[in-house]
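All remarks here apply to the structure that follows.
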Amino acid sequence: MNNTTPARAAAAAAGIGTALLLQATLVAPVFGTVPVSLPAVVVAAVALVDGPAVGIAFGFAAGLVADLGSDHPAGILALCWLAVGLVAGTFAERRNLRRDAAAVAVICTAAAVAATALLALVHGATIGSAIRGALPCLLGDLLLAFGIVPLVRRMLRSDRLRPPRPVGLPVAAGGHRG
């Protein structure tokens, strides 16, 4: 079933914009050089609820907007966050906050390491900084995930963002075969 409604599309656009704004004004200054990424955590949280197809689309869109607003080559974050949406979406419909937050943190940290390594290769730098920042990034992503995962889950399951359910005839249980 198609989950796209005008309200969900507007919520997605607002979510991307808000996550990128909070990343630039709050998360990046607090964490300094550690590549903790609120938008990547939001992408993973959305994919946990809506599955890999939505995760891929949302991750690509969020990453492309972030790429176009930065000074590095376009496509790096789009590719990495697309992968975040795909991998996190495979864990969809899990309902344990600890496991979901841990999965989000691991997936987002792997994406941060990959993005940092790709940027290092493009700019001719070393990949060591990507590996050195992995553990602090994991802890920062985990901290963000504990707040973001339940919030996104609650928002996407609200009646206002939920697509209408198809109306059909009830199927009788234990019907007679002729």
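When reading the values below, keep in mind they use all heavy atoms of this one structure, side chains included, and skip hydrogens, waters and symmetry mates.
- Contact between Gly85 and Ala47 at its shortest, heavy atoms only, is O-CB, 3.3 Å.
- Side-chain contact between Asp141 and Val104: absent, with no pair of heavy atoms (C-beta onward) separated by less than 4.5 Å.
- A single hydrophobic cluster is not seen to contain both Leu86 and Leu118; linkage of ILVMFWY side chains at heavy-atom distances under 4.5 Å, directly or through other members, places them apart.
- No side-chain heavy atom of Leu77 sits under 4.5 Å from any side-chain heavy atom of Pro39.
- Taking all atoms of both residues into account, the shortest heavy-atom contact from Ala24 to Pro29 is O-CD, 3.6 Å.
- In this structure, Val42 and Leu38 have side chains that are in contact, with non-hydrogen atoms separated by less than 4.5 Å.
- Contact record, Ala45 with Ile148: CB-CG2, 4.0 Å, taken as the closest heavy-atom pair.
- Between Pro52 and Gly89, the closest heavy-atom pair is CD-O, 3.3 Å.
- Listed here is the closest heavy atom pair of Val34 and Pro136: CG1-C, 3.6 Å.
- Contact record, Ala40 with Trp81: CB-NE1, 3.5 Å, taken as the closest heavy-atom pair.
- At a threshold of 4.5 Å between non-hydrogen side-chain atoms, the residues Cys137 and Val113 do not count as touching.
- For the pair Asp50 and Phe58, the minimum side-chain heavy-atom distance is 4.5 Å or more.
- Within a 6.0 Å radius of CZ in Phe31, more than 12 heavy atoms belonging to other residues, nucleotides or ligands are found.
- Follow the hydrophobic side-chain contacts under 4.5 Å out from Leu79 and you never reach Val65; the two are in separate clusters.
- To the nearest 0.5 angstrom, Thr90 atom OG1 is 8.5 Å from Leu48 atom CG.
- How far CG of Leu138 is from CD1 of Ile107: 11.5 Å, rounded to the nearest 0.5 Å.
- In this structure, Ser70 contributes its side chain and Asp67 its backbone to a donor-acceptor pair below 3.5 Å.
- No donor-acceptor pair closer than 3.5 Å links the side chain of Thr18 to the backbone N or O of Gly15.
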